[in-house]
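All remarks here apply to the structure that follows.
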Amino acid sequence: MSIVSDELVNWWGRARRDLPWRAPGVTAWQILVSEFMLQQTPVARVAPIWLDWVARWPTPPATASASAADVLRAWGKLGYPRRAKRLHECATVIATEHDDVVPDEVDVLLTLPGVGAYTARAVACFAYQKRVPVVDTNVRRVVARAVHGLAGAASPSAVRDLADVEALLPADESAPAFSAALMELGATVCTARSPKCGICPLTFCAWRAAGHPAGSGPARPAQRYAGTDRQVRGRLMDVLRASSAPVLRAHLDVVWLSDPAQRDRALDSLLVDGLVEQTADGRFALAGEGG
DNA sequence: CTCCAGGCGG
DNA sequence: CCGCCGGGAG
């Protein structure tokens, strides 16, 4: 038994969240911006940042002409600031090589910095209504449960599930609504932790039918954060975002006193990533300050 | 502790 | 394929 498109899309019509990037008049570029921000980041944290962002930089050329440092500051504490850098680069590529127009073909979208298998299809589908499978963590979980009767996605590879979802896609123009509904169901009903099966719109679910069997744990063990280089990088970036002028090394050193070697490694990695630059007098600043 | 509209480099 | 890339909320 497969997922019935009609009952899912009908539910979507009345239960969909009123997210800002779904409003009328939102452009393909602005949808692309939302997809960058939503990579591994919950909707609630993205919404306010996205609203400020698209008001300030509504188009690819507007974004490309901003300084990298301003982009990193506007990104704020969304996390994974390399995404902000890639978004900036993506705007530059679109402005210089695509005549300011976001590509509508998956193959072309995939050539853009920061655009992978999910984001390319999400833009083609939600910005251009293309009939392409859109597979994110929500879709994988919903399909694993409703179709395969499993507690969660079997393999750690999302790409492998593309063919699965392709087979589920409606043949007509309702495909984008179907994909949006699949994602919405996973985000709000068929959640990872405590799925609300009592309000699920699907009349058949293989997982429910099988009595909600437990899985064998997550496909990939959750990664730690506390004490990692990522936490140190986050603290360093926090100091640099807050300062409009380059800061002394000593101001950075105080954010992580317990392990100087780790702190040095984190700072070096930020330099290597092109997120931070060192000035001629040895101080540090966000990369691309003023230009 | 877990999870979150992933992508990339090794 | 594997490990790393933030940070906040439940």
Side-chain angles (χ1 to χ4, degrees), chain A residues 16-17 19-22 30-50 72 75-87 89-90 109-127 133-142 151-153 155-162 165 176 179-188 190-196 215 217-238 240-241 255-256 262 265-266 268-270 272-276:
Chain A
R16 53 178 268 172
R17 292 169 294 176
L19 304 177
W21 43 89
R22 290 175 177 166
Q30 293 160 357
I31 290 173
L32 177 57
V33 171
S34 78
E35 296 299 346
F36 266 80
M37 293 182 174
L38 287 162
Q39 289 167 5
Q40 292 288 283
T41 307
V43 162
R45 287 178 52 199
V46 166
I49 305 284
W50 181 87
L72 288 169
W75 194 258
K77 304 196 78 165
L78 274 186
Y80 294 141
R82 294 194 299 188
R83 289 183 296 165
K85 179 177 168 61
R86 289 177 188 140
L87 178 56
E89 293 164 354
C90 184
L109 285 159
L110 284 171
T111 68
L112 299 172
V115 176
Y118 163 75
T119 303
R121 288 171 179 82
V123 170
C125 177
F126 301 134
V134 181
V135 180
D136 75 330
T137 186
N138 289 309
V139 173
R140 300 184 66 219
R141 183 176 55 252
V142 171
S155 92
S157 166
V159 176
R160 201 173 295 171
D161 294 336
L162 275 175
V165 177
S179 284
L182 219 43
M183 291 174 63
E184 190 85 345
L185 189 70
T188 63
C190 193
T191 53
R193 245 163 287 176
S194 46
K196 306 179 180 95
R220 189 160 17 191
Q223 55 179 344
R224 302 279 169 263
Y225 174 59
T228 63
D229 288 8
R230 279 185 302 142
Q231 183 181 22
V232 185
R233 283 165 57 106
R235 290 198 185 177
L236 294 170
M237 288 295 288
D238 201 32
L240 294 168
R241 278 195 305 267
V255 306
W256 199 260
Q262 185 183 26
R265 182 171 70 241
D268 186 60
S269 74
L270 290 172
V272 169
D273 285 348
L275 296 171
V276 174

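In the text below, chain A, chain B and the rest are named by the order of the sequence lines, each starting its count at 1.
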Please list, chain by chain and in numerical order, all residues satisfying side-chain contact (heavy atoms from CB on, under 4.5 Å) with [X], sequence neighbours excluded.
X	result
A:Arg193	none
A:Glu184	A:Trp11, A:Trp12, A:Arg16, A:Arg17, A:Arg22, A:Thr188
A:Pro20	A:Ala47, A:Trp50, A:Leu51

What closest approach, in Å, do [X] and [Y] show between heavy atoms, and which atom pair accounts for it?
X	Y	result
A:Val46	A:Thr41	CG2-CG2, 3.8 Å
A:Leu182	A:Val139	CD2-CG1, 3.8 Å
A:Thr191	A:Arg141	C-NE, 3.5 Å

How far does the C1' atom of B:dC3 sit from the matching atom of C:dG6, given to the nearest Å?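 Pairwise C1' distance, B:dC3 against C:dG6, rounds to 13 Å.
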Please state the P separation for the pair B:dA5 and C:dC4 - nearest whole angstrom.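 Looking at atom P only, B:dA5 and C:dC4 are 23 Å apart.
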Does a nitrogen or oxygen in the side chain of A:Arg141 sit under 4.0 Å from OP1 or OP2 of B:dC4?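 Affirmative; the distance criterion is met.
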Would you say A:Gln40 reaches B:dG6's phosphate, i.e. side-chain N/O to OP1/OP2 under 4.0 Å?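 Result: yes.
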Find the distance [X]:[atom1] to [N]:[atom2] and express it as a whole number of Å.
X	N	atom1	atom2	answer
A:Arg45	B:dA5	CZ	C1'	14 Å
A:Leu112	B:dG7	CG	C1'	13 Å
A:Leu32	B:dG7	CG	C1'	13 Å
A:Arg140	B:dC4	CZ	P	10 Å
A:Arg17	B:dC4	CZ	C1'	11 Å
A:Arg22	B:dA5	CZ	P	11 Å
A:Leu87	B:dG6	CG	P	16 Å
A:Arg230	B:dC3	CZ	P	14 Å

With nearest nucleotide decided by heavy atoms, which residue, A:Arg224 or A:Val43, maps closer to the 5′ end of DNA chain B?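 Nearest nucleotide further toward 5': that of A:Arg224.
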Closest-nucleotide 5' rank along DNA chain B - winner of A:Gly114 and A:Ser34: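 Nearer the 5' end of the strand: A:Ser34.
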State, yes or no, whether a side-chain contact exists between A:Leu87 and A:Val33 at a heavy-atom distance under 4.5 Å.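 SC-SC contact between A:Leu87 and A:Val33 confirmed.
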Is there a residue in residues 115-123 of chain A whose heavy atoms reach under 4.0 Å of DNA chain B, and which residues are they?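 Heavy-atom cutoff 4.0 Å gives A:Val115, A:Gly116, A:Ala117, A:Tyr118, A:Thr119.
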Which pairs of donor and acceptor atoms, one on a side chain in residues 117-126 of chain A, lie under 3.5 Å apart (sequence neighbours left out)?
from     : atom 1 : to       : atom 2 : distance (Å)
A:Tyr118 : OH     : A:Glu35  : OE1    : 2.7
A:Thr119 : OG1    : A:Gln39  : NE2    : 3.0
A:Arg121 : NH1    : A:Ala117 : O      : 3.0

State whether the side chain of A:Arg45 and the backbone N or O of A:Met37 hold a donor-acceptor pair below 3.5 Å, judged by distance alone.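 No, the answer is negative, given that no donor and acceptor are paired below the 3.5 Å cut-off.
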First and last nucleotide of DNA chain C touching chain A, 5' to 3', heavy-atom cut-off 4.0 Å?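 Listed 5' to 3', the contact boundaries are C:dC1 to C:dG10.
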How would you label the contact of [X] with the nucleic acid (heavy atoms, under 4.0 Å): base, sugar-phosphate, or nothing?
X	result
A:Trp50	nothing
A:Asp229	sugar-phosphate
A:Thr41	base
A:Leu110	nothing

In terms of side-chain geometry, is the basic nitrogen of A:Asp238 or A:Arg235 positioned less than 4.0 Å from the acidic oxygen of its partner?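 Salt bridge: no.
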Residue mapping more 5' on DNA chain C - nearest nucleotide basis, A:Leu78 or A:Arg160: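 Result: A:Arg160.
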